[in-house]
Amino acid sequence: MKKFILMIYLILIAFQSKASKSELEVYVLYNHEAFIKQSRSYMVGWTLFENAATKSNIKLKIIHSSWNKSLKLLAQNKIDSTLLAFYTEERGKKMSFSLPVALDQISIFKNKNYSEPKIYKEASIGVHKGSIHTVLAKKSGFSFIYESTTRSELHRMLSAGRLDYILENESLIDYFCLNIKSNNNCLSKIGTPLKQEPLYIVYNSKKTAVNNLFKKINKVIYNESGSLKTQNLFLNAGYTLEEYNIWKSLIDMSAGRVHFEKVKPMGISIFNKM
């Protein structure tokens, strides 16, 4: 009888252990909550990710950090995951990418209070260090490029007239206009976006446990991508129906990889049809 009770006890312990939530470490921006409220890409990306983790019985361990530091730690295989990032070949060699969780555009911005310099070669531009912004600025013809690890510094320098332009993700502009500038004038976008791409959660697939958790997360994102709830999430965040459909088409392109052994990011411009 004692052996039978012991056996039942061990089975219950094993079941509880299996049913307990797996933990996934995710590095987010210091002002994580504010970005959720004021950035459409950040809000949609985080909501899809958090919902998929919850439905996969995964507990997210949130750690606040700078984006630049988070990406460096991930490249060194020291953390599990971070959000959000565009795909580049260099990043693809060091980290893995979730299914796309949002869309964003990178554009040149100037302060509304300053006239636009005529020649980019003679103008100064601020870029976020460690991002793809430096490459884009060089391709656009800028010679005077100032790199900073903090976006807020770039916005303050632009506001003070110490920079002629900055390169910025369009969905982050509202956050910085509300939290950095002291007047009601926000920024003026110059021309068309330099880059328009999907955003991803990036993670350390060299950790077997992390890789397995992202397989589950990707499946939920894929399965719910066509739901009315997901569509409304995009529309309520400020995306157009056409933008949602573009994102959905990227998800549909992953239909053949049911188990998502490794998602191949879409490192191409996907807004040319717009």
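Residue numbers run from 1 in the order of the sequence given. Computed from heavy atoms alone, side chains included, the values below leave out hydrogens, waters and symmetry copies. What you see is a predicted model, and the numbers here were worked out from it, not measured in a lab.
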Original post:
Under 4.5 Å between side-chain heavy atoms, hopping through other hydrophobics if needed: is there a path connecting Leu194 to Ile145?
Top reply: yes
Original post:
Can you find a pair of side-chain heavy atoms, one from Val44 and one from Tyr244, that are under 4.5 Å apart?
Top reply: no
**OP:** Can you spot which of Lys195, His133, Gln105 makes a side-chain hydrogen bond (donor to acceptor under 3.5 Å, both in side chains) with Asn169?
**Re:** His133
Original post:
Closest heavy-atom contact between Ser124 and Arg162?
Top reply: OG-O, 4.1 Å
**OP:** Answer yes if Leu136 and Leu103 sit in the same cluster of Ile, Leu, Val, Met, Phe, Trp and Tyr residues linked by side chain heavy atoms under 4.5 Å apart, and no otherwise.
**Re:** yes
Original post:
Only one of Met95, Lys69, Arg91 forms a side-chain contact (heavy atoms from CB on, under 4.5 Å) with Leu74, so which one is it?
Top reply: Met95
Subject >> CD on Gln231 to CG on Asn236, rounded to 0.5 Å >> reply: 10.0 Å
Subject >> Trace of the side-chain contact (heavy atoms from CB on, under 4.5 Å) decision for Asp104 with Glu170 >> reply: CA-CA 7 Å; Asp104 208 352; Glu170 288 194 14; 4.2 Å; yes
Original post:
Can you name the one residue among His128, Lys129, Glu153 that meets side-chain hydrogen bond (donor to acceptor under 3.5 Å, both in side chains) with Ser148?
Top reply: Glu153
Subject >> Whether over 12 other heavy atoms sit under 6.0 Å from Lys189 NZ >> reply: yes
Original post:
With side chains defined as the heavy atoms from C-beta onward, is the minimum distance between Lys138 and Phe142 less than 4.5 Å?
Top reply: no
Subject >> Straight-line distance of Leu241 CG to Ile246 CD1, nearest 0.5 Å >> reply: 10.0 Å
Original post:
Can a salt bridge be assigned to the pair Lys229 and Glu224 using a cut-off of 4.0 Å between side-chain N and carboxylate O?
Top reply: no
**OP:** Would you sort out whether Phe144 and Ile125 count as a side-chain contact (heavy atoms from CB on, under 4.5 Å), showing the intermediate values?
**Re:** CA-CA 6 Å; Phe144 304 100; Ile125 190 167; over 6 Å; no
**OP:** State, to 0.1 Å, how close Tyr27 and Leu73 come at their nearest heavy-atom pair, and which atoms those are.
**Re:** CE2-CD1, 3.9 Å
Original post:
Is the shortest heavy-atom distance from the side chain of Thr134 to the side chain of Glu147 under 4.5 Å?
Top reply: yes
**OP:** Please check if Leu48 and Val210 belong to a single hydrophobic cluster, counting links between Ile, Leu, Val, Met, Phe, Trp and Tyr side chain heavy atoms closer than 4.5 Å.
**Re:** yes
Subject >> Side-chain heavy-atom pair Val28, Trp46 within 4.5 angstrom cut-off >> reply: yes
Subject >> Test applied, ring-ring contact (aromatic ring centres under 6.0 Å, His included); reference residue, Phe214; option that passes from Tyr200, Phe97, Tyr203 >> reply: Tyr203
**OP:** Indicate yes or no for a side-chain donor-acceptor contact from Arg40 to the backbone of Ala237 under 3.5 Å, with no hydrogens or angles considered.
**Re:** no
Original post:
If every non-hydrogen atom of Ala137 is compared with every non-hydrogen atom of Leu167, which pair is closest and at what distance?
Top reply: N-CD1, 3.7 Å
Original post:
Are Glu25 and Lys78 ion-paired here, with the side-chain N under 4.0 Å from a carboxylate O?
Top reply: no
Original post:
Where is the tightest heavy-atom contact between Lys248 and Asp252, given as atom of each residue plus distance?
Top reply: NZ-OD1, 2.6 Å
Original post:
For Glu89, does the CD atom have more than 12 heavy-atom neighbours from other residues, nucleotides or ligands under 6.0 Å away?
Top reply: no
Original post:
Is the closest side-chain heavy-atom distance between Val202 and Leu83 below 4.5 Å?
Top reply: no
Subject >> Within-4.5 Å side-chain heavy-atom neighbours: Leu24 and Ile217 >> reply: yes
Subject >> Test item: Thr82 and Leu71 side chains (from C-beta on) under 4.5 Å apart, heavy atoms >> reply: yes
Original post:
Are His155 and Glu168 close enough that a side-chain donor and a side-chain acceptor fall under 3.5 Å?
Top reply: yes
**OP:** Using modelled atom types only, decide if a donor and an acceptor are shared between the side chain of Asn51 and the backbone of Thr47 within a distance under 3.5 Å.
**Re:** no
**OP:** Run the salt-bridge test on Asp80 and Lys207 with the 4.0 Å N-O cut-off and return the result as yes or no.
**Re:** yes
**OP:** Indicate whether any N or O donor in one side chain lies under 3.5 Å from an N or O acceptor in the other, for Thr149 and Asn68.
**Re:** no
**OP:** Keeping the roles fixed (side chain from Thr230, backbone from Gly226), state whether a donor-acceptor pair exists under 3.5 Å.
**Re:** no
Original post:
With hydrophobic residues grouped by side-chain heavy-atom distances under 4.5 Å, do Trp247 and Met253 end up in a single group?
Top reply: yes
Original post:
Are the side chain of Glu243 and the backbone N or O of Thr240 linked by a donor-acceptor pair below 3.5 Å?
Top reply: yes
**OP:** Could you go through the ring pair (Phe, Tyr, Trp, His ring centres under 6.0 Å) check for Tyr42 and His32 one step at a time?
**Re:** CA-CA 9 Å; Tyr42 200 95; His32 175 64; 5.5 Å; yes
Original post:
Just wondering, do Ile201 and Val101 contact through their side chains at under 4.5 Å, heavy atoms?
Top reply: yes
**OP:** Of all the heavy-atom pairs spanning Leu250 and Pro100, show the shortest one and how long it is.
**Re:** CB-CG, 4.1 Å
**OP:** Treating Ile, Leu, Val, Met, Phe, Trp and Tyr as nodes and any side-chain heavy-atom pair under 4.5 angstrom as an edge, say whether Ile62 and Leu29 lie in one connected cluster.
**Re:** yes
Original post:
Checking side-chain contact (heavy atoms from CB on, under 4.5 Å) for the pair Tyr120/Ile108: CA distance, chi angles, key distance, verdict?
Top reply: CA-CA 11 Å; Tyr120 283 174; Ile108 298 173; 3.8 Å; yes
Original post:
What distance do Met43 atom CE and Tyr239 atom OH have between them, rounded to the nearest 0.5 Å?
Top reply: 9.0 Å
Original post:
Rounded to the nearest 0.5 Å, how far apart are CG of Asn31 and OG of Ser152?
Top reply: 8.5 Å
**OP:** Measure the spacing between OG of Ser22 and CG of Leu60 and express it to the nearest 0.5 Å.
**Re:** 11.0 Å
**OP:** Measure the spacing between CD1 of Ile190 and OG of Ser140 and express it to the nearest 0.5 Å.
**Re:** 12.0 Å
Subject >> Minimum heavy-atom distance Trp67-Ala85, with the two atoms named >> reply: CZ2-CB, 4.5 Å
Original post:
Ser225 side chain to Tyr222 main-chain N or O, any donor-acceptor pair under 3.5 Å?
Top reply: yes
Original post:
Does Glu90 come within less than 4.0 Å of Lys94, counting only side-chain N to carboxylate O?
Top reply: yes
**OP:** Evaluate the criterion side-chain contact (heavy atoms from CB on, under 4.5 Å) for residue pair His64 and Glu33; output intermediate values, then yes/no.
**Re:** CA-CA 11 Å; His64 294 82; Glu33 291 75 16; 3.9 Å; yes
